[in-house]
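As the structure lists them, so they are numbered: ligands from 1, and atoms in each ligand from 1. Numbers here are sequence positions counted from 1. All heavy atoms count here, side chains included; hydrogens, waters and symmetry mates do not.
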Amino acid sequence: MSGHERRAHGHAEQGRIDAEGVFIRLGQGAEAFEAVQDVSFTVPAGEFVCVLGPSGCGKSTLLGALAGHIAPAHGALTLDGAAISGPHPDRGIVFQHHTLFPWKNVRDNIAFGPKMRGIPKAERHRQADEILELIGLGGFAGRYPKQLSGGMQQRVEIARVLVNHPRLLLMDEPFGALDALTRMMMQELLLDIWTRLRTTIVFITHDIDEALFLADRVLVMSPRPGRIVEDITVPFERPRRAEIVAEPPFGRLKRHCLDLLRPRPGTDTLPRLSPLGAPPHAR
Ligand SMILES: Nc1ncnc2c1ncn2[C@@H]1O[C@H](COP(=O)(O)OP(=O)(O)OP(=O)(O)O)[C@@H](O)[C@H]1O
Ligand SMILES: [Mg+2]
């Protein structure tokens, strides 16, 4: 058992989220609006939760609040009972596009967090190499980000967060820019890592297949202002087989999600097109 697995073992009770009546306001003055409205949910320690919703419904805003980048206007947001009041390496976040330092190699990118926490060089390099093995990039420590494929860059990005032993792994459409095949491989890799570490994961996506393949639970959000319209427990057994996405029970649950996400008649928020197909201001 590696140091990471041991640690995860000893802290299995860490990583519980409680959101109670959370409202998040964005914009200033007359432009201010509620991006997230009255959201309540609980994530037990070690659970894998996906947040599914249409573009602009407030998913990233909610994740930003969990990361501690945005404060709710009302309500309580806690991790293991303590209010989330600012960013912390305990709550690592991975975005759609990598934020690796182009001038640092893979090992130094991963070791940057430990470096900031004052961990000596030999030890932080050891930690980086251990994580590189975990994500299947053992031979790539000396490479630079631009020498890696998109999938590998995202793996390093995940490693950079995991090296801090987070209680909470926050992911904002982390595989959204990858091709379909790489994306599938990344989903399986993430499930494999999660099975070993049991870090609580909140994963945002607008891809129904991705949500149902990965999650224990899917929180479905309504269009803006974002509210949780359904909390779906995903019944598929683990470890998840890639084939389940082509089987009838998966199809039925997917259809249910589609019905939840499809805009109701009369509530379509897309800009209206003129008869010529151009938006009015473009004519
Ligand atoms: N800093 C900001 N100031 C004003 N409005 C903002 C700001 N950030 C986001 N918004 C708006 O708030 C709403 C919610 O944005 P958010 O990024 O959380 O949505 P999302 O669900 O993550 O969308 P997507 O799926 O496109 O990433 C959107 O209508 C967006 O245009
Ligand atoms: Mg977003």
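Looking at Val36, Leu26, Ile204, it is Leu26 that brings a heavy atom closest to atom 2 (C) of ligand 1.
The closest protein non-hydrogen atom to atom 26 (O) of ligand 1 is Ser55 OG, 2.6 Å. Distance from atom 4 (C) of ligand 1 to its nearest protein heavy atom, with residue and atom name: Phe33 CE2, 3.8 Å. Among protein heavy atoms, atom 30 (C) of ligand 1 sits closest to Arg224 NH1, 4.6 Å. Looking at atom 18 (O) of ligand 1, its nearest protein heavy atom turns out to be Thr61 OG1, 2.5 Å. Looking only at heavy atoms of the protein, atom 17 (O) of ligand 1 is closest to Ser60 CB, 3.7 Å. Nearest protein heavy-atom neighbour of atom 14 (C) of ligand 1: Gly56 O, 3.4 Å. If you check which protein heavy atom lies closest to atom 19 (O) of ligand 1, you get Gly58 N, 3.3 Å. The protein non-hydrogen atom at the shortest distance from atom 25 (O) of ligand 1 is Lys59 NZ, 2.8 Å.
Using a 4.5 Å heavy-atom cutoff, the side chains of Cys257 and Leu52 are in contact. Gln14 is not listed as a side-chain neighbour of His165, based on a closest heavy-atom distance of 4.5 Å or more.
The aromatic rings of Phe203 and Phe48 lie tilted to each other, with the angle between the two planes from 30° to 60°.
The shortest N/O to N/O separation between Ala35 and ligand 1 does not fall below 3.5 Å.
Between Asp259 and Arg255, no side-chain nitrogen of the basic residue sits less than 4.0 Å from a carboxylate oxygen of the acidic one, so the salt-bridge criterion is not met. Between Arg227 and Asp38, none of the side-chain N atoms (NZ, or NE/NH1/NH2) sits under 4.0 Å from a carboxylate O, so this pair counts as no salt bridge. Taking 4.0 Å as the cut-off between side-chain N and carboxylate O, Asp216 and Arg238 count as a salt-bridged pair. Salt bridge annotation for Lys254-Asp209: present, with a cationic side-chain nitrogen under 4.0 angstrom from a carboxylate oxygen.
Counting all heavy atoms, side chain and backbone alike, Pro166 lies closest to Pro89 at CB-O, 3.8 Å. The heavy-atom pair separating Gln153 from Lys146 by the smallest distance is NE2-CA, 4.3 Å.
The proximity of Glu173 to ligand 1, defined as any non-hydrogen pair under 4.0 Å, is limited to the side chain. If you look at Glu31 next to ligand 1, there are no close heavy atoms at all, none under 4.0 Å.
In this structure, Leu214 is a member of the same hydrophobic cluster as Leu189, with clusters built from ILVMFWY side-chain heavy atoms closer than 4.5 Å.
Using a non-hydrogen distance threshold of 4.0 Å, Gly53 does not register as a contact of ligand 1.
There is a protein heavy atom closer than 4.0 angstrom to atom 6 (C) of ligand 1.
With a cut-off of 2.8 Å, the Mg ion (ligand 2) has no N, O or S atom of Ser55 in range.
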